[in-house]
Chemist: 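Take a look at the following structure, please.
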Amino acid sequence: MSGPHLDADHELRIAKAQRLLRDAAGGMHSRAFVNVGDVIPVDHEAGYLRGHGTQPVKEELLATVCGVVERVNKLVSVRPLRARYNAETGDVVVGRVTEVGGNRWKVDVNSRKDAELLLAAVNLPGGIQRRRTAIDELNMRDLYVENDLISAEVQSLHQDGSLHLHTRSLKYGKLRNGQLVRVAPYLIKRLKQHFHQLKDLGVDLILGCNGFIWISAASPGNKDNLPGSVATSASAVVGESPLQFEVRERICRLANSVRVLGALGLLISPDSIMQTYEASLLWEVPVKDMLSADFYVKLAEKEAEQRMKR
Amino acid sequence: MTTEYVSPEGLRLDGRRPHEMRHMHAVVGVVPSADGSALFHMGNTKVMAVVYGPHEVSNRTHQLHDRALVRCEYSMATFSTGERRRRGKTDRRSTELSLVIGQTMEAAIMTHLLPRTQIDIYVQVLQADGGTRAACINAASIALADAGIPMRDLVVSCAAGYLNSTPLLDLNYQEDSGGGPDLVVGYFPKLEKLSLLQMDSKVPIETFEKVLELATEGAKAVATFMREKLLENTKTLASARGHLKL
């Protein structure tokens, strides 16, 4: 965990808050943590299945990463905490296009390899259903170009660790009018819903399972019956008025809330983001001071207090 | 006149006993934008290691289809030594050290699990007071563990030397410049195997064995310290996040 630079007083307070958090978590899982090279206790007689993050050495099972031991029936695996994004089919991700070529885009999704988005896996403008032709391949840059931010869904995973994405829904596609915040992927829990509309704030939120979080102004035409409109690079920002100051400020405040939560290593969910947002308003912290040591420590203390109550 | 490295009372120049290590200090996760990072102090020697990856190979011609590509870059900060001097990353010493550290880390990483990817390790010496090689390996090891990269075992490293007919553990800069043999080991504490052994002088075999044993013992002590730090870090991360089930 790395936050702002702390002075001695803040150092003490954060240490205390972290101790409280640890107490709140309880000693229930002290045995569940392993280091690289630690022996994982297994039942040799009943047998076991070796999962990720383990290796057999001389009749013993050793961990190959630092993390939490997980047991599902006979399967024993170790899940590292701070690691790159481990994709699962159906995950909503936010990514940045790194390459356009052939009939696919390459997208950086903070995974071990860049993800692939095939031309056949996107909706064509106008929502027409047909085979992709050579003309479509030539016009790929009208859809997404390098450095575009997109939201997508993981379609399939492959043996060698590569993954395919798709954007075959109106909710996926190019992102604009907002801010991207990157956090560690383990802080984001897989939920039913990863697209959120913070109605009273006029802000949309996408929590990518890969730790990329997109915060943007609510899209104006957010009616459900838009006839197959797909945001494209060519049609971008045509006749769009600049965002209002209040909206931009709210986006920044939310983005900074996410940053602080990420720095503290707290779970990131719409609830926790809103709580942080409201706390910052309650304590009258200006947006620019939200990344200061003071807010960082106060938030840690607030969280510790809450957890102790539970 | 020759310098007395061990006084008749059995104390070294900085007041340590011959088998005593310097004070260790480690901080895990110091660079937020990196996948893994660590700060490692060994007495006055201070080193920072940063790990990026595994990620897409940046130069496709270097891509390896059956394992990960491990790149390592060693550099010394301008202000790291007594005399302020701009140091390149391409001088002989840095190139050699980059290679040595890179190879030691690659031996530990389970590269076959990460085919067609690349892992970048950057180590920088912030303050040099002898034993930078060992400190760099230790820092890189913590940073790799922080990045969640699968490893056969932690690699730990320690230096030892031989001066005034006494084996000395963990030489500082003064002792390092004493001209005696200087031995560095990279050690897998759980597997009890050596992954690095470096010494650039001629020494009788009996002496060598004594020094090697001392360095290995030192490495084990480093391992105990590193494990403790990493476990503490894992617990802090997990308890802050709450819900164990990911």
Side-chain angles (χ1 to χ4, degrees), chain A residues 1-3 18 21-26 28-30 32-39 52-55 57-58 62-68 70 78-84 86 98 106 108 110-114 160-162 182 184 186-187 189-190 259 262-267 300 303 307, chain B residues 27-37 52-57 65 68 108-110 113-119 141-142 144-156 188-191 223 226-246:
Chain A
M1 267 186 273
S2 44
Q18 278 176 354
L21 283 177
R22 217 186 280 185
D23 292 346
M28 56 178 183
H29 41 247
S30 55
F33 296 116
V34 284
N35 263 330
V36 175
D38 280 356
V39 178
H52 286 300
T54 62
Q55 61 168 345
V57 173
K58 289 187 231 150
L62 302 188
T64 62
V65 289
C66 295
V68 189
E70 284 185 348
V78 181
R79 183 94 65 132
L81 284 165
R82 264 177 54 102
R84 288 230 154 197
N86 226 332
T98 56
K106 283 237 170 184
D108 173 20
N110 199 28
S111 179
R112 286 195 277 268
K113 295 189 71 191
D114 282 356
D160 61 342
S162 64
R182 300 178 56 165
Y186 78 95
L187 297 175
K189 211 173 173 183
R190 291 190 171 87
R259 288 192 183 99
L264 282 168
L266 300 174
L267 194 71
E303 180 70 22
R307 295 245 191 114
Chain B
V27 189
V28 190
V30 284
V31 181
S33 58
D35 288 297
S37 58
Y52 292 94
H55 58 78
E56 190 85 13
V57 184
H65 73 280
I109 299 169
M110 303 179 92
L113 295 179
L114 310 160
R116 294 172 215 266
T117 61
Q118 174 181 337
I119 298 167
S141 191
I142 302 179
L144 282 171
D146 181 37
I149 293 170
M151 291 194 281
R152 274 170 245 283
D153 197 354
L154 277 180
V155 224
V156 288
F188 290 133
K190 177 69 193 172
L191 308 176
M226 258 161 63
R227 277 174 186 284
E228 201 181 297
K229 280 286 165 192
L230 281 171
L231 198 62
E232 191 187 318
N233 179 58
T234 314
K235 280 184 181 168
T236 311
L237 288 179
S239 60
R241 185 188 183 274
H243 315 270
L244 258 192
K245 218 69 192 130
L246 292 179

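In what follows, every chain begins at residue 1, and chains take the letters A, B, ... in the order their sequences are listed. FYI, side chains are in, hydrogens and waters are out, and symmetry mates aren't considered; it's all heavy atoms of this structure.
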Chemist: Given 3.5 Å as the limit, does a donor-acceptor pair link the side chain of A/Q18 with the main chain of B/T236, or not?
Modeler: no
Chemist: First locate atom NE2 of B/H55, then atom CG of A/N110, and finally report the distance between them rounded to the nearest 0.5 Å.
Modeler: 11.0 Å
Chemist: When only pairs under 4.5 Å are counted, which of B/A108, B/A145, B/G53 shares the most heavy-atom pairs with chain A?
Modeler: B/G53
Chemist: How many angstroms lie between NZ in B/K235 and SG in A/C66, if you round to the nearest 0.5 Å?
Modeler: 12.5 Å
Chemist: Less than 4.5 Å to any heavy atom of chain A: does that hold for the side chain of B/I149, its backbone, both, or neither?
Modeler: backbone
Chemist: Of the listed residues (A/R84, A/K106, A/E303), which shares the most heavy-atom pairs with chain B below a 4.5 Å separation?
Modeler: A/R84
Chemist: Between A/R307 and chain B, which part of the residue has a heavy atom less than 4.5 Å away: side chain, backbone, both or neither?
Modeler: side chain
Chemist: Search all heavy atoms of A/Q55 against all heavy atoms of B/R152 and return the closest pair with its distance.
Modeler: NE2-O, 2.6 Å
Chemist: With a 4.5 angstrom heavy-atom cut-off, could you sort out which part of A/S111 is near chain B: side chain, backbone, both or neither?
Modeler: backbone
Chemist: State, to 0.1 Å, how close B/L230 and A/N35 come at their nearest heavy-atom pair, and which atoms those are.
Modeler: CB-OD1, 3.3 Å
Chemist: By the definition side-chain contact (heavy atoms from CB on, under 4.5 Å), identify the one residue from A/V36, A/V39, A/V57 that meets it with B/K190.
Modeler: A/V39
Chemist: Which pair of heavy atoms, one from B/G148 and one from A/P80, lies closest together, and at what distance?
Modeler: CA-CB, 4.2 Å
Chemist: Relative to chain A, which of B/S141, B/S37, B/A147 shows the most heavy atom pairs under 4.5 Å?
Modeler: B/A147
Chemist: Which atoms of A/D108 are under 4.5 Å from chain B, going by heavy atoms: the side chain, the backbone, both sets, or neither?
Modeler: neither
Chemist: Within this structure, what is the CZ-CG distance for the pair A/R112 and B/D35, rounded to the nearest 0.5 Å?
Modeler: 11.5 Å
Chemist: Please flag which part of B/M151 lies under 4.5 Å from any non-hydrogen atom of chain A: side chain, backbone, both or neither.
Modeler: both
Chemist: Given that the side chain runs from C-beta out, which part of B/L114 has a heavy atom under 4.5 Å from chain A: side chain, backbone, both or neither?
Modeler: side chain
Chemist: Just how far is it from atom CD1 of B/I109 to atom OG1 of A/T64, taken to the nearest 0.5 Å?
Modeler: 12.0 Å
Chemist: Has the side chain of B/R241 got a donor or acceptor atom that lies under 3.5 Å from a matching backbone atom of A/Y186?
Modeler: yes
Chemist: Is any side-chain heavy atom of A/L62 closer than 4.5 Å to one of B/L191?
Modeler: yes
Chemist: For a quick test of reading the model, state the closest non-hydrogen atom pair linking A/R82 to B/L237 and the distance between them.
Modeler: CD-CD1, 3.9 Å
